[in-house]
Amino acid sequence: MPTPDPAAEPDLERVRVEDLPDHVGRDVRLRGWVRHFRSSGKIAFLEVRDGSGEVQAVFPRDQVDDGSWETLDEVHYEASVEVRGTVEEDERAPGGHEISATGLTLVGPSEDYPIQPKEHGVDFLLDHRHLWLRHPRQVAIMRVRNEVVRAIRDFYYERDFVLIDTPILTGSIGEEAGTLFETEYFDEGAAYLAQTGQLYAEAAAAAHDRVYCFGPTFRAEKSKSPQHLTEFWMVEPEVAWLDSEGNMALQEEFVTFIVKRALERCGDELETLERDTGPLETVLSERFERMSYTEAVESVRSDGVEIEWGEDLRGEAEKALMEGRSRPLFVYDWPKEAKAFYMKVNPEDPRTVKCDDLLAPEGYGELIGGSQREDDHDILLSRIREEGLPEEAYDWYLDLRRYGTFPHSGFGLGVERTVAWICGTEHVRECIPFPRLTNRIEP
RNA sequence: UCCGGGGUAGCUCAGUGGCAGAGCGGGUGGCUGUUAACCACUUAGUCGCGGGUUCGAAUCCCGCCCCCGGAGCCA
């Protein structure tokens, strides 16, 4: 039998794997990539993945034409193919459905595909990130990320927040010096990649009352940890007339919304990832705990961790603090010195500022950093001077306090950390399609 | 930057002073229901780089590079 030209069978309906159960008994064609293949002499099996799922195609020798049978010999891992055949229910097939194939076309061969169905080292996988993305585990993580991003946009849209896209190229303005990526900008001197969109979002909050920005941010920190990227996505709402208390309430509502959405819509993905969803379920059941920084210091001291008031709660201290907790924890009102210049000085205790960190359980660290912003012009200016920041660059920012200043608060949530926590991955590098790390800018 | 672990076939690794190895992948052949199939044969090396010790170094010593984990720094 000659190989049929697929174009000559225009009536053959093309289906996606997820729609196969609705096509039992029908002749169809399916396009995708070969995830795995086995041959038994007179019968061969291809596992084909098409983005909507995976299905096994069965090729008995006496059922397929000669050309298709020879094509089977040329099929390797991740070759792209078109399979033609009949959809059948079969208990022996993974997923319960299979294609009893009659024809096969090799669309794109795939010689020596580097990634095998076995364990690989992280460095090798990151070198092949463009291919690693095809792995079921990576597919699942990206789908969770997709759903988290949708949840973020839905959450703010439903609450009448206006999306404000803040610039990525900025002048010398940010949270602090020393961790900015620098590039030349025509005759204007240096430009810097944005560490945050917050300052711009604050300007827009005076126009719209409630806004958010959502995009990539950049930090030139030589951090080597499972929670750091040099390029990461952050969503930063900014709300007029909101105080620190209300800010935490918004954060809690937001995080709960995202987790709930992921549990509702990503059950299959979390199963693929073998994520124990128990800890995530408890997030939805009760309020998040709140603890002042001072209380937190006392708490970790009683656990035997040596720490001075004023130090950051990292590493061992954070571990001790989160020990035995299954829900995120707010730590609020931190020492001024440990935090950014724009945070509002606490009138009740000027050593501290009105801010909060939201710490994730299970060792996932800081999901959110938020604060009420300093709305007094003179205090803000003195804070800028104290931190030794370039005053001229912050002149427009100070304008916001000169013209109709207003109490306002906001926060930033790291998307990759959130996805890592929901997916249960060991490292945020798996939670963004093409991670940028201190030692990696390709692919 | 510091501490620890590591770098041997395309991949994952074993080999700690005496012939360079295994599994997977690739290739060839066999097998009509496989599930990371199985069986047989086969292919494949700058033992990270440079120097040194030794009759002899993947193995011991010195320097350097790179990766991973932790610390630091930080969302």
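In what follows, chains are A, B, ... by sequence order, proteins preceding strands, each numbered from 1. Note that these values count all heavy atoms, side chains included, but never hydrogens, waters or copies made by symmetry.
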Undergrad: Please classify the nucleic acid contact of Arg61(A) as base, sugar-phosphate, or nothing, using heavy-atom distances under 4.0 Å.
TA: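 Arg61(A): no heavy atom of the nucleic acid under 4.0 Å.
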Undergrad: Does rC31(B) have its OP1 or OP2 closer than 4.0 Å to a side-chain nitrogen or oxygen of Arg38(A)?
TA: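 Negative; the distance criterion is not met.
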Undergrad: What contact category does Gln56(A) fall into here, base, sugar-phosphate, or nothing, at under 4.0 angstrom with non-hydrogen atoms?
TA: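 Base, at least one base atom sits under 4.0 Å.
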Undergrad: Under 4.0 Å between a side-chain nitrogen and a carboxylate oxygen: does that hold for Glu362(A) and Arg275(A)?
TA: yes
Undergrad: For RNA chain B, which residues of residues 40-50 of chain A approach it to below 4.0 angstrom with any heavy atom?
TA: Ser40(A), Gly41(A), Lys42(A), Ile43(A), Phe45(A)
Undergrad: With no angle test and no hydrogens, is the base of rC11(B) tied to the side chain of Lys118(A) by a donor-acceptor pair under 3.5 Å?
TA: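 Present.
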Undergrad: So what does Ser39(A) hit on the nucleic acid, given a heavy-atom distance under 4.0 Å: a base, only sugar-phosphate, or nothing?
TA: base
Undergrad: Measure from the side-chain heavy atoms of Asn439(A) and tell me the nearest of rC68(B), rG26(B), rC11(B).
TA: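 Out of rC68(B), rG26(B), rC11(B), the nucleotide with an atom closest to Asn439(A)'s side chain is rC68(B).
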Undergrad: For residues 149-157 of chain A, which side-chain donor-acceptor pairs fall under 3.5 Å, sequence neighbours excluded?
TA:
| residue | atom | partner | partner atom | Å |
| --- | --- | --- | --- | --- |
| Asp154(A) | OD2 | Arg261(A) | NH1 | 3.2 |
| Asp154(A) | OD2 | Arg261(A) | NH2 | 2.9 |

Undergrad: Between rC24(B) and rA14(B), how far apart are the C1' atoms? Round to whole Å, please.
TA: 14 Å
Undergrad: If the cut-off is 4.0 Å, is His120(A) near the phosphate of rC67(B), judged by side-chain N/O to OP1 or OP2?
TA: no
Undergrad: Does the structure show a Watson-Crick or G-U wobble partner for rG69(B), both distances under 3.5 Å? Name it, or say none.
TA: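 Base partner found: rC3(B).
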Undergrad: According to side-chain contact (heavy atoms from CB on, under 4.5 Å), who are the partners of Gln116(A), at least two apart in sequence or on a separate chain?
TA: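 Expected list: Lys118(A), His120(A).
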